[in-house]
Each structure stands twice: as C-alpha cells, then as structure tokens.
Amino acid sequence: MTTRMGGKGNGESTLLRNYLPLLVACLAWSAQAEDIVLDPKKTGGDTVALIIFPGSELASDQYTSTAEAIQDAASSSIWVGIVDAASSTQFDSAIPRILASMSAKGMSASKTFYASHSPAESALLQDYLSASIEEKSQPDGLVLLGSFVLRKYRTSSGGFRLPTLTLGGDADGLCRVTRIAEAFAVDKGSSSVIVLPGVSHMQFASGAASSVIQKHDLKPEVSEASAHSSIGRFVAAFLDSNREELAAGSSATATVLDPIVEAMRQEGSQKLNALCNSDFPTSSACNYPKWPDASLDPLPVPKPDPMPPSDCICGSSFVEENAQKLMARFDLSPTPSASFFSKDSFHDVSDTHPFHLPHIFNDCEDPASCLLNTTSVTMPIYEDGDPWHRESYVDDGLTPISAKEFRTKLKSRQAMWQAAGFSDDITKDIEKTDGSLEICKSINQASYDWALSSASPAAKAKFSSVGEPYVFVDDVVAKIGVTGPEWIKDAMVYKRTSSGMTVQSWTFKTENTNHGHVPYIVTAGYHYCKILSPFRAMEWITVDGLRLHGSLASETVTLDGKNNATFSSRKMLQ
Ligand SMILES: *[C@@H]1O[C@H](CO)[C@@H](O)[C@H](O)[C@H]1NC(C)=O
Ligand SMILES: *[C@@H]1O[C@H](CO)[C@@H](O)[C@H](O)[C@H]1NC(C)=O
C-alpha cells in the first residue's frame, strides 16, 4: 500500500510540500492498517470476494466469527477481507489495499461483494458508491448488516442500484426493526430484506460492545452462535445467488414485519408514499370534499412542485375508521342505528389559504335512517422531519419513523347528534355531549389496543414480558392563549411512572352554534384531539417500549428473579 501512496505523489510536488506532514502521518498510520484476510474454507465452485467494513466503533477482528459463519454456509469458496476498523471509511485507499492483499495471497475472484455493518457506516459506503459510479470499482452486490438502503438512494423501483441484501435483527436497538419494515415494504426490485428473530445489533459482530452499542442496543434473545449461523445462512445464500433460500428468509420475515407494515398503512405513513395535498387533488381515491375551501386572505397557495403522485396517501385510515366513530358514539345514543361515513385528509391544521376544517355535509330528520357525510383533517407530526418534505428526513435508524402525534380536527359529538336529528333536550348541553375527558383518550386507547392485538406473536410475548406499557390518562383541555387556541402546539404528554408510560391527549371543543348553520368564520361544532398513531404504538411495542427493561443499558432483564423477565416464546440467553 505504501507503493501506491508514493505513486500518487508523483508530479504533485507542490501538493506534496504543502501536505507533507499530513502525508507522513497518513503513511505511518496506513502502514499500521490491520486488515484481516481469511482464506476460503472450501475449494471448488465459484470464487467470491467479500469485503467487510466494520461499523459502530468495533474492531476488525470482531467480525471474524461472522465471516467464518458465512464461509461455512456458502457453497462458493469465499475469500473474506475485513477492513482495518480505523480506516474502514477511507474507501478510496482501503478497497484497493485490501483487494491487493487478497490477490497477493492467491485470490482470483469472479465476483466481489461489500458488506457494511451499522447505519452510519453503511451510509458512508452508499455515499461513496453513489458519488461517481464510473470511476470507482463497483462491487457485484451489497450486504447491509443492521443497516438499510438510504431513502435518498432508493431507485424508482425501490432498493439500491446494486443487488442488495438487507439483514436486520428484531432486537436491534440501533437499526430499528420498523426501519427494516419500511425497507421490506418499499425496497423491492433487486433487494432482499430479511429480519433475524431475536438478533441484536451487536450480534452482527462479536466480543465487547462499543459504547454506542452499549448505549442503544437491545438485549439479544438468541445466542451469538445462533445469530452468526443465521447471518451466515442468508449472506451465503446471497453470495451464492441461492434464490430459494432467500425466498424462505423473506417469507419468515413477513411474519415479523407484516404487522408493522400494516401499522404503517393504518397511520398513512409517508415512509410508504408521499402524502396528498387536498388543495391540489392528484389521487381520485381521496374523493375528499373540501370545506370551507375559502380563505380570508385572497393570496393563492402555490401549487406543490413536484405534485404528489397519483397514488399518494389521502389521510389516515385509522383516523377515518375509528376517530370520528369514537367521537360520535351513536351506540350510546337513543338511536344507535344513526350512522355516518367519514373521509380523513392529511393537511396542515394551521393552513388558512384556504382553511381546512372538518365538516358534516348533510342533516337528517330521523336518526334511525340517518347516514351523515363527514370529513376530518389530520396533521401528522414526525420527529425525523417535516410531513410534507420527505426528502429532508433524518435516516439514521435510531430516530423513530412513525408520527409522534396526529393533530386531528373532528366534528364534535354535539354536532354529530344534532345533524343526525336528535332532539335538543339531549344535545343542547355541550358539557353533557362533549365534556368527558375520556373521548380523545378512548381514541388513543383504541390505537394502542389495535397495535397490541396486531403485533406478531413474538413481539406480543416480548412486550408483555419486558415492555413498558402505555397507560392512558384523561384528556386535558387546551387553553385559549393570547394568540388563539393552544391546542395546535400542545404536544401529547408522555410521563414515565411506576405503572408505565402515561399518555395524555389535549382536547379542544366549540359549541355547535345554530346546529352548525353558521358562516365558516364562526367556529361551531368542533372537537379536536391529539391522537396516537397506531404505527407509533406499534413502534413502541417493537422497539422503544423495550428500552427501559430490555436494553443493554438496563440490566434488569435476566433469566430469573422477581422483576426479572423471562420470555415465554423465545428464551433469553444473554
Ligand atoms: C359528501 O358531500 C360532498 C359535498 O356535498 C359531496 O361532494 C360528496 O359526493 C358526498 N359524498 C357522498 C358519498 O355522498
Ligand atoms: C435479577 O436477577 C439477577 C441475577 O439473577 C439478580 O442479581 C437481581 O437481584 C434480580 N433482580 C430482581 C429485581 O429480582
């Protein structure tokens, strides 16, 4: 390698003079590069080179056991080069250096694959491979261990532009399983996405956890030997182009990830697709009647550029199917057969150009045969970015990817019952119809209950054993401040208590003046809630709600003891 760096200096004397001290330092440092080369364990078949780039502050020799498991499982003869950890992201020098060492030892490979561990390091590798496609030596495929194809490099058919194997663990605290679920749902094309049950982030390597892993990883539920053998099985299948084995991995993965993907659909996650803009409808599926479709300030809103795709997401199906129903509670009315249908639309609840308000489009005389036509408005709030600009999203595997709350505007129970034709005797007092501080809470409880019952059997068992439950507490009425109602900015409140993580919504309601027959500037008949996204509930059950008792940082999970958890479905071995 020193030869190569010396060669680079030729004809660059000014550069050399200016950077001499740095170059000397680099030479000294690269001379110490401790790449590891493993000869193939098998001979015959194809000869394949696998270069492993260590991640998460781990040393190269912490990947030897994983590499050997891959060699053992493969039918090809696999040469493995594990790049010196200190220079593992200096791709320009590390790749030719390690390939040269492998060739010097006699390797003549027909294919080369790169494997990278951890989201941060695999992001740098993807940056490198994407920067100048022609110039760089491109591998035949990419193996992402506890990492994923970055959204920004996702091709139109999904996945990276090289054949890729994405391998996640459902006990990985750094590369959350929900992010792998996103990859499973979206990155089709040339990608395989496989989740290994019970495998943590650290188990893609071996030995002592680095500080970043110690801080964020979850406890594994399988032994390291078993983790390495399943990693070996699927990486080998990818290197061998063994489609049957990859398909078997994919179908087992569906059991773990399908419930998470369904939660994303219930949310209307913009990790699955762009959200529609109800001012500029592009999807005929939305069929969302605008109301009031008027603004005080006549300035028109600019058209989005680019326009949302025609298969954009209209609103949240969880909100559409549950929220207005639990707000109206016709089942508690004297005529439970009164009914309605609702359309939800994602929109900024602060937008006034035009205004976006929930609405009831008709009135009934007889509640018994009533079918109301209603809308709601939902604004999803994410901690990883702005709901309307998907390209700006944090994509680090660590930040939750679900909406942290929905700001949802619904029609009040008073407005629903009056429009359905119930008498004023039972509807005139808004404190009686909408005064309960359990209405928004009941919607959030329904979201959590759905996630608990929809989670995979293994996720359920683990959460009921070591999970920190959500406990829903009464709604708090949002105040009217000097700048107007504070409901928009009042964020859902989470507080850790001995009985679990309490979740408190904010509620805001307005009198249904003149049965709602008033100009739109009169705020009549609304009841707003902060709603728990069912995907946030699922992400809590599968990742974040396990951190308190089931992470490396919390030493409370062991095999026995009173408050020490044991798993009914999968045994905790470490
Ligand atoms: C609901 O009302 C809106 C506004 O009048 C109308 O455009 C829409 O067609 C109605 N929906 C149905 C299913 O009747
Ligand atoms: C959990 O188990 C460990 C080891 O078995 C024990 O030392 C510890 O006291 C237990 N904790 C509780 C709360 O029982």
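Just follow the structure's listing: the first ligand is 1, and inside any ligand the first atom is 1.
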Novice: Taking NZ, NE, NH1 and NH2 as the nitrogens, is one of them in D127 or K152 under 4.0 Å from a carboxylate oxygen of the other?
Specialist: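 Yes, charged N to carboxylate O under 4.0 Å.
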
Novice: Please state whether W291 comes within less than 4.0 angstrom of ligand 1, counting heavy atoms only.
Specialist: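 Flag not set, W291 not near ligand 1.
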
Novice: Heavy-atom count check: over 12 atoms from other residues, nucleotides or ligands less than 6.0 Å from K290 NZ?
Specialist: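 Count over threshold, so yes.
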
Novice: Using a distance threshold of 4.0 Å (strictly less than), state whether atom 9 (O) of ligand 1 has a protein heavy-atom neighbour.
Specialist: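 Flag for atom 9 (O) of ligand 1 set to false, no protein heavy atom closer than 4.0 Å.
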
Novice: Measuring from S310:OG to N273:CG, what's the distance to the nearest 0.5 Å?
Specialist: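 The OG atom of S310 sits 9.0 Å away from the CG atom of N273.
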
Novice: When you measure from atom 2 (O) of ligand 1 to every protein heavy atom, which one gives the shortest distance, and what is it?
Specialist: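 Minimum-distance protein heavy atom for atom 2 (O) of ligand 1 reads N373 ND2, 2.3 Å.
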
Novice: Starting from atom 7 (O) of ligand 1, what is the nearest protein heavy atom, named by residue and atom, and what distance separates them?
Specialist: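 Sorting protein heavy atoms by distance from atom 7 (O) of ligand 1 puts P289 CB, 4.3 Å first.
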
Novice: Show the atoms of ligand 1 that are less than 4.0 angstrom away from any heavy atom in F361.
Specialist: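 Selected atoms, number and element: 2 (O), 4 (C), 5 (O).
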
Novice: Hey, is C286 close enough to C276 that the SGs sit under 2.5 Å?
Specialist: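 The answer is no, since C286 and C276 keep their SG atoms 2.5 Å or more apart.
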
Novice: If the threshold is 4.0 Å, N to carboxylate O, is there a salt bridge linking D544 and R176?
Specialist: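 Salt bridge between D544 and R176, a charged N being under 4.0 Å from a carboxylate O: yes.
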
Novice: Please list, in number order, the atoms of ligand 1 under 4.0 Å from a heavy atom of F341.
Specialist: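 Heavy-atom distances to F341 below 4.0 Å select 11 (N), 12 (C), 13 (C).
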
